[in-house]
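Contents: one structure, followed by commentary.
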Amino acid sequence: MTRIFCIANQKGGVGKTTTTVNLAAGLAKVGQRVLMVDLDPQGNATMGSGIDKRSLSLSVYDVLLESASVAEARVKSEKCGFDVLGANRELAGAEVELVDVERRDQRLKTALAAVAADYDFVLIDCPPSLSMLTLNGLCSAHGVIVPMQCEYFALEGLTDLVNTIKQVHANLNKDLQIIGLLRVMFDPRITLQQQVSEQLKAHFGEKVFDTVIPRNVRLAEAPSYGLPGVVFDAGARGSQAYVDFAREMVARIGHG
């Protein structure tokens with residue numbers, strides 16, 4: 001069964017896109033069939049997967065407006081080993097164009113259903129704001145993976161996200177739940193980060209993934225080369241941590 005996950009956090013700059021592309025590459029490395037969906041008009045996840053967003057003839061925008069299918073719009077990232085449903089600036093217009101259409105929050109879900117059999121995992125990179133695009137992601141997904149830094153304000157943002165997920169679960173998508181919290185950009189030398197990490201585990205228990213992604217220069221450099229860290233420098237600590245995270249996901253979800 002295909003598992004569809006949103007990578008979401010209403011706080012910006014927490015490593016959502018880094019997590020999406022590196023988890024996709026990590027899952028591909030451990031033998032999973034993966035589709036990465038970029039729902040952010042900035043197209044960073046597309047570029048970070050080795051795909052030039054400017055050269056896309058079809059994108060997630062066309063899929064949302066039902067002028068193309070996922071099968072027509074997806075492209076293979078040869079370097080990374082997974083498929084990409086890319087985004088570019090056109091996507092910003094989708095918000096306005098979807099305002100008056102029927103089932104506007106279900107467009108992505110319907111489109112993904114047609115290719116579900118092709119993949120073990122579909123990962124959706126959501127924009128930081130709660131927009132119609134994010135809502136399409138949340139309505140399509142079985143669950144949400146929340147990357148977060150162990151900082152004081154991170155906990156405040158998490159409350160907002162949990163409330164949003166509860167609302168979507170109650171009104172639009174009964175399958176939706178938090179799959180887990182991923183601690184990213186973690187520096188064990190900083191006492192506050194350790195304290196917040198402990199608070200997270202105390203409050204969310206099993207929902208906190210065992211894998212911790214360390215703060216890592218190579219992960220930060222990788223996007224400028226148009227690659228996930230896992231592909232750019234497989235030996236880096238951050239890259240190895242994402243491959244460990246991919247293994248943990250497979251074990252948790254039960255894919256062979």
Side-chain angles (χ1 to χ4, degrees), residues 4-25 34-77 80 82-116 118-119 121-141 144-147 161 164 168 172-173 176 223-224 226-228:
I4 302 174
F5 297 132
C6 281
I7 288 76
N9 191 325
Q10 281 161 275
K11 192 171 182 296
V14 293
K16 281 189 300 293
T17 300
T18 300
T19 294
T20 307
V21 297
N22 281 287
L23 177 56
V34 182
L35 172 67
M36 194 283 298
V37 179
D38 191 350
L39 270 187
D40 193 329
Q42 290 179 38
N44 290 341
T46 304
M47 298 291 275
S49 302
I51 306 293
D52 184 356
K53 64 184 179 184
R54 294 175 293 266
S55 66
L56 291 173
S57 55
L58 293 169
S59 69
V60 70
Y61 168 81
D62 301 287
V63 171
L64 289 171
L65 294 177
E66 296 182 344
S67 58
S69 66
V70 176
E72 291 166 332
R74 64 187 171 191
V75 284
K76 180 91 180 167
S77 173
C80 303
F82 57 85
D83 287 353
V84 176
L85 180 55
N88 52 30
R89 281 209 193 96
E90 272 192 328
L91 187 56
E95 293 276 334
V96 180
E97 292 174 60
L98 286 171
V99 165
D100 296 325
V101 301
E102 287 180 22
R103 305 177 299 98
R104 60 181 184 266
D105 50 11
Q106 304 291 327
R107 289 292 179 98
L108 185 62
K109 181 177 186 171
T110 307
L112 288 174
V115 295
D118 299 348
Y119 301 104
F121 286 92
V122 176
L123 303 178
I124 303 171
D125 187 39
C126 293
S129 59
L130 181 62
S131 60
M132 183 53 65
L133 295 171
T134 304
L135 204 54
N136 260 276
L138 293 174
C139 286
S140 319
V144 182
I145 295 166
V146 185
L161 183 65
T164 298
V168 174
L172 298 165
N173 178 2
L176 192 69
S224 62
L227 291 170

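All values below come from the heavy atoms of this structure, side chains included, with hydrogens, waters and symmetry mates left out.
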Take L227 and C80 through the test side chain to side chain contact (heavy atoms under 4.5 Å, CB included) and record every step on the way to the result.
CA-CA 8 Å; L227 291 170; C80 303; 4.3 Å; yes
Check whether any side-chain heavy atom of K16 lies under 4.5 Å from a side-chain heavy atom of D125, and answer yes or no.
yes
State the CD1-CG distance between I7 and L39, to the nearest 0.5 angstrom.
10.5 Å
Would you say the side-chain atoms of S49 pair up with the backbone N or O of I51, donor to acceptor, closer than 3.5 Å?
no
Determine whether E90 and L56 make a side-chain contact, defined as any pair of heavy atoms from C-beta on separated by less than 4.5 Å.
no
Ignoring hydrogens and angles, tell me if any N or O in the side chain of N173 forms a donor-acceptor pair with the backbone of V168 under 3.5 Å.
no
Do the non-hydrogen side-chain atoms of V70 and L35 ever get within less than 4.5 Å of each other?
yes
Please report the C-alpha distance between L112 and V37 in whole Å, then the side-chain angles of each, then the deciding distance to 0.1 Å, and finally whether the side chain to side chain contact (heavy atoms under 4.5 Å, CB included) criterion is met.
CA-CA 10 Å; L112 288 174; V37 179; 4.3 Å; yes
Check whether any side-chain heavy atom of C126 sits under 4.5 Å from a side-chain heavy atom of V144, and report yes or no.
no
Distance col, row I4:CD1 vs L176:CG, nearest 0.5 angstrom, shows 11.5 Å
d(T46 OG1, N88 CG) to nearest 0.5 Å is 7.5 Å
Checking L91, D38, I124 against V60 for side chain to side chain contact (heavy atoms under 4.5 Å, CB included), the one that qualifies is L91
Out of curiosity, Q106 CD to R104 CZ, how far, rounded to the nearest 0.5 Å?
11.0 Å
Determine whether V14 and T19 satisfy the following criterion, side chain to side chain contact (heavy atoms under 4.5 Å, CB included), listing intermediate values before the conclusion.
CA-CA 9 Å; V14 293; T19 294; over 6 Å; no
Rounded to the nearest 0.5 Å, how far does CG of L135 lie from CG of L98?
10.5 Å
Keeping the roles fixed (side chain from K53, backbone from Q42), state whether a donor-acceptor pair exists under 3.5 Å.
yes
Quick one: OG on S77 to CG on D83, what's the gap to the nearest 0.5 Å?
9.0 Å
Grab the two heavy atoms, one from A73 and one from S59, that are nearest each other, plus how far apart they are.
CB-O, 4.0 Å
Considering non-hydrogen atoms only, spot the tightest contact between A45 and M36 and give its length.
O-CE, 3.5 Å
Test item: T134 side-chain N/O and S129 main-chain N/O as donor-acceptor pair under 3.5 Å:
yes
Could you check whether any side-chain N or O of D105 sits under 3.5 Å from a backbone N or O of M132, counting only pairs where one atom can act as donor and the other as acceptor?
no
Which heavy-atom pair separates F82 from A25 by the least distance, and what is that distance?
CE2-N, 3.6 Å
Would a 4.5 Å heavy-atom cut-off, applied to side chains only, mark L130 and L138 as touching?
yes
For the residue pair A111 and V63, what are the closest heavy atoms and their distance?
CB-CG1, 3.4 Å
Step by step, would you call R107 with V101 a side chain to side chain contact (heavy atoms under 4.5 Å, CB included)?
CA-CA 10 Å; R107 289 292 179 98; V101 301; 3.5 Å; yes
Can you check whether P128 reaches D40 side chain to side chain, under 4.5 Å on heavy atoms?
yes
Around atom CD of E95, are there more than 12 heavy atoms of other residues, nucleotides or ligands at under 6.0 Å?
yes
May I ask you to test the N44-P223 pair for a side-chain heavy-atom distance under 4.5 Å?
no
If you define the side chain from C-beta out and look only at heavy atoms, does anything of L23 sit under 4.5 Å from F121?
no
Expected output: side-chain S67 to main-chain D62 donor-acceptor under 3.5 Å:
yes
